[in-house]
Amino acid sequence: METLQLETKVHDELRQGEAYAPFANDINGFEKKFYIESYGCQMNFSDSEIVASILNKEGFGATRNYEEADVVLINTCSIREKAEQTIRKRLTEFKRVKEQNPGMLIGVLGCMAERLKAKLLEEEKLVDIVIGPDAYRSLPGLIEEAETGQKGVNVLLSREETYADISPVRLDSNGVTAFVSIMRGCNNMCSFCVVPFTRGRERSRDAHSIVREAQDLFEKGYREVTLLGQNVDSYYWVDESVSNGSALNGAVANAVTFAKLLEMVALIHPTLRVRFSTSHPKDITEEVLRTMAKYDNICKYIHLPLQSGNTRILQLMNRTYTREWYMAKVEQIRNIIPGCGISSDVIAGFCTETEEEHQDTLLMMEFAKYDMSYMFFYSERPGTLAARRYKDDVPEEVKKRRLQEIVKLQNRLSLESNQRDIGKVFTVLIEGESKRSEMDWMGRNTQNKVVVFPKEAHRYKKGDYVQVKVNSCTQATLLGQII
Ligand code: SAH
Ligand code: SF4
Ligand code: F3S
């Protein structure tokens with residue numbers, strides 16, 4: 001039950017700045033205990049698994065109870081102001097425990113650490129360690145120093161670090177689905193976004209280490225991997241161990257593109273599902289779409305963040321595509337992969353957005369018929385292009401009202417999308433018991449829709465594929481029965 005709840009959080013509230021507290025698989029045999037809580041996007045959750053692996057090697061076991069931890073870590077997100085506020089509040093609670101137990105160390109990890117750097121130590125007096133996303137290998141050293149009373153900061157960003165050689169410790173896993181990081185950083189510079197500042201330059205991880213990790217997961221019983229990056233379509237890795245690096249029709253023969261990587265992972269086993277996130281509309285290639293169409297086990301689902309449906313706003317956002325380009329992309333997806341699930345991210349009330357321009361976003365949502373969206377109102381982030389160049393001039397109540405309209409429309413689109421599935425039969429990968437009832441299974445179809453159905457007398461288990469006929473639905477879930 002526990003795992004499922006957390007699993008749902010990861011998927012549904014991923015971008016809302018929600019936290020989860022990973023749980024120690026086995027804390028016996030470890031001398032010391034650490035507690036880690038993660039906020040923000042899936043990259044952060046994955047990084048926490050890297051951190052757990054690094055700490056395990058140093059004799060630290062994870063605990064679910066921060067009050068008994070020697071080291072309390074909070075992996076932070078800076079994407080919106082509210083995310084940072086949530087983290088400050090949580091830090092206050094940790095600091096209260098530290099006042100009773102001065103030996104406890106508090107470490108701030110992730111994007112907020114990177115954004116605020118040493119300033120965070122001034123602002124948050126009881127914090128001992130500040131460490132950015134590329135510096136986790138130095139965490140044991142910083143902990144050692146902090147134990148002697150010396151505060152530690154390492155916020156160096158790297159052009160190479162991908163943690164390729166570190167096997168993540170799967171925290172709170174359902175044992176069926178896992179995330180595999182394929183690249184770090186982002187070179188895109190969307191004007192609203194803090195990520196290029198907190199995560200640094202884009203770099204791709206060794207393709208062989210990705211395939212090995214996915215293979216290993218498969219051997220351990222996992223049946224789905226999600227390849228993770230801020231902009232997966234720009235994945236590009238050159239295999240230096242292969243001698244033939246000469247240009248062939250303009251392409252480097254030993255280069256691995258994202259399409260190629262997808263294929264490599266898909267070929268591990270036909271029963272290992274492959275997903276990926278996130279695609280940038282300007283970068284997703286026809287080759288990727290054709291690769292998706294070619295392999296049954298590459299899931300027919302694309303998260304294709306729109307941000308705005310208006311070309312002028314898209315330009316201000318530096319998204320580098322137009323309304324028409326985006327529409328053509330959606331059509332191309334529908335042509336090459338009929339029935340493909342599409343979801344989106346939408347920002348309401350970006351700088352100077354007019355009522356008409358907001359309407360363009362709503363119209364685009366209708367056009368794309370998103371199955372699901374993550375929706376936000378614009379939150380100005382210090383240091384970003386937008387903060388420096390444009391005035392955050394849409395009043396808060398207008399932003400919120402526009403967001404409400406967007407949410408209301410998406411709710412209808414989600415419901416309509418689910419209603420279209422009534423009567424259809426889907427292959428569903430069982431992820432675990434339903435949150436609501438232990439008599440039911442919960443899984444997903446290839447389009448990433450949650451499907452709930454009675455276990456009945458069937459002898460299925462987590463990780464099995466079943467054929468499920470959809471009988472009814474809610475806005476968020478398909479309800480059916482095994483056939
Ligand atoms: N790399 C991913 C997005 C990462 S951030 C991509 O390009 O799609 C996740 C989402 O948060 C973004 O897609 C955007 O919709 C939202 N977001 C980012 N910065 C924001 C800001 N300053 N205010 C509001 N929403 C923001
Ligand atoms: Fe941010 Fe844009 Fe990079 Fe996504 S692609 S992380 S929105 S800069
Ligand atoms: Fe947040 Fe950093 Fe991810 S700002 S959304 S945790 S990359």
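From a predicted model like this one, the values you see are computed outputs, not experimental measurements. Whatever order the structure lists them in is the order used to number ligands and atoms, beginning at 1.
- Contacts between V195 and ligand 2, counted as non-hydrogen atom pairs separated by less than 4.0 Å, involve the side chain only.
- Counting only heavy atoms from C-beta outward, the side chains of C299 and Q447 never approach each other to under 4.5 Å.
- Taking a cut-off of under 4.0 Å to the non-hydrogen atoms of N44, the atoms of ligand 3 that pass are 6 (S).
- Under 3.5 Å, the side chains of Y374 and S344 contain no donor-acceptor pair of N or O atoms.
- The distance criterion of under 3.5 Å between nitrogen or oxygen atoms is not met by N231 with respect to ligand 1.
- Of all atoms in ligand 1, listed by their number and element, those nearer than 4.0 Å to a heavy atom of T278 are 6 (C), 8 (O).
- Of the residues listed (L363, T361, L362), the one engaging L409 in a side-chain contact (heavy atoms from CB on, under 4.5 Å) is L362, and it is the only one.
- For R64 and Y35, the positive end is not near the middle of the six-membered ring at less than 6.0 Å and at most 45° from its axis.
- Note: no N/O pair closer than 3.5 Å links E380 and ligand 1 by distance alone.
- Atom 5 (S) of ligand 2 has its closest protein heavy atom at N188 ND2, 3.3 Å.
- The nearest protein atom to atom 4 (Fe) of ligand 2, hydrogens excluded, is given as Q230 O, 4.3 Å; this is a heavy-atom distance.
- When only modelled atom types and interatomic distance are considered, H208 and D239 share a side-chain donor-acceptor pair under 3.5 Å.
- Coordination check, C190 versus atom 1 (Fe) of ligand 2: failed, since every N/O/S atom of the residue sits at 2.8 Å or beyond.
- Below 4.0 Å from some heavy atom of P305 lie the following atoms of ligand 1, by number and element: 8 (O).
- In this structure, R319 counts as a contact residue of ligand 2, since one of its heavy atoms falls inside 4.0 Å of the ligand.
- Nearest to atom 1 (Fe) of ligand 2 among the protein's heavy atoms is C193 SG, 2.3 Å.
- Close N/O approach between F192 and ligand 1 is found [any backbone or side-chain N/O within under 3.5 Å].
- Residue contacts with ligand 2 for P196 involve side-chain atoms from C-beta outward but no N, CA, C or O (heavy atoms, distance under 4.0 Å).
- Near Q307, the atoms of ligand 1 lying under 4.0 angstrom from a non-hydrogen atom of the residue are 12 (C), 13 (O), 14 (C), 15 (O).
- Those atoms of ligand 1 that come under 4.0 Å of a heavy atom in R80, given as number and element, are 11 (O), 16 (C), 17 (N), 23 (N), 24 (C), 25 (N), 26 (C).
- A donor-acceptor contact closer than 3.5 angstrom links the side chains of R205 and S209.
- Atoms of ligand 2 found under 4.0 Å from any heavy atom of M189 (numbered from 1 in listed order, with element): 8 (S).
- When each atom of ligand 3 is checked for a heavy atom of C77 under 4.0 Å away, the hits are 1 (Fe), 4 (S), 5 (S), 6 (S).
- Contacts between Q230 and ligand 3, counted as non-hydrogen atom pairs separated by less than 4.0 Å, involve the side chain only.
- If you take CG on N297 and CZ on R273, they are separated by 9.5 Å, rounding to the nearest 0.5 Å.
- No heavy atom of Y374 sits closer than 4.0 Å to any atom of ligand 1.
- Of the protein's non-hydrogen atoms, the one nearest atom 3 (Fe) of ligand 2 is C186 SG, 2.3 Å.
- Side-chain polar atoms of K33 and N65 form no donor-acceptor pair below 3.5 angstrom.
- Not a single heavy atom of H280 sits under 4.0 Å from any atom of ligand 1.
- Residue-ligand proximity: I347 is placed with a non-hydrogen atom under 4.0 Å from ligand 1.
- The line from CG of N318 to CD of Q307 is 12.0 Å long, rounded to the nearest 0.5 Å.
- Residue S379 has at least one N or O atom closer than 3.5 Å to an N or O atom of ligand 1.
- Ligand 3 has no atom lying under 4.0 Å from any heavy atom of G110.
- Listed by number with element, the atoms of ligand 3 under 4.0 angstrom from any heavy atom of C111 are 2 (Fe), 4 (S), 6 (S), 7 (S).
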| Run the ring pair (Phe, Tyr, Trp, His ring centres under 6.0 Å) check on Y66 and F94 step by step: do they pass? | CA-CA 8 Å; Y66 70 86; F94 293 156; 4.8 Å; yes

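- Two residues are said to be in side-chain contact when any heavy atoms from C-beta on lie closer than 4.5 Å; M375 and L403 meet this criterion.
- Close contacts between ligand 1 and R319 involve ligand atoms 7 (O) [criterion: under 4.0 Å to a heavy atom].
- Ranking the protein heavy atoms by distance from atom 4 (S) of ligand 3 puts S78 N, 3.3 Å first.
- Under the 4.0 angstrom criterion for non-hydrogen atoms, R199 is in contact with ligand 3.
- Here E355 pairs with R402 in a salt bridge; the nearest charged N to carboxylate O distance falls below 4.0 Å.
- Salt-bridge annotation for R381 and E84: present, with a side-chain N of the basic residue lying under 4.0 Å from a carboxylate O of the acidic one.
- Residue-to-ligand polar distances keep S279 apart from ligand 1: every N/O pair is separated by 3.5 Å or more.
- The ligand atoms of ligand 1 that sit less than 4.0 angstrom from a heavy atom of R381 are 22 (N).
- Coordination check, C41 versus atom 2 (Fe) of ligand 3: failed, since every N/O/S atom of the residue sits at 2.8 Å or beyond.
- For F192 and Y378, the gap between ring centers reaches or exceeds 6.0 Å.
- For V195, the closest heavy-atom approach to ligand 1 does not fall below 4.0 Å.
- Test Y321, Y326, W325 against H280 for ring-ring contact (aromatic ring centres under 6.0 Å, His included) and you get one pass: Y321.
- Of all the heavy atoms of N188, none lies under 4.0 Å from any atom of ligand 1, so neither backbone nor side chain is involved.
- Side-chain contact annotation: K449 with S417, donor-acceptor N/O pair under 3.5 Å present.
- Screening T76, L73, I129 against V108 for a side-chain contact (heavy atoms from CB on, under 4.5 Å) leaves a single residue, T76.
- When each of L228, T226, V232, L262 is checked for a side-chain contact (heavy atoms from CB on, under 4.5 Å) with I182, only V232 meets the rule.
- Side-chain atoms of L304 and Y370, non-hydrogen and from C-beta on, never get closer than 4.5 Å to each other.
- Counting heavy atoms only, Q230 comes closest to atom 2 (C) of ligand 1 of the residues E81, Q230, K82, Q42.
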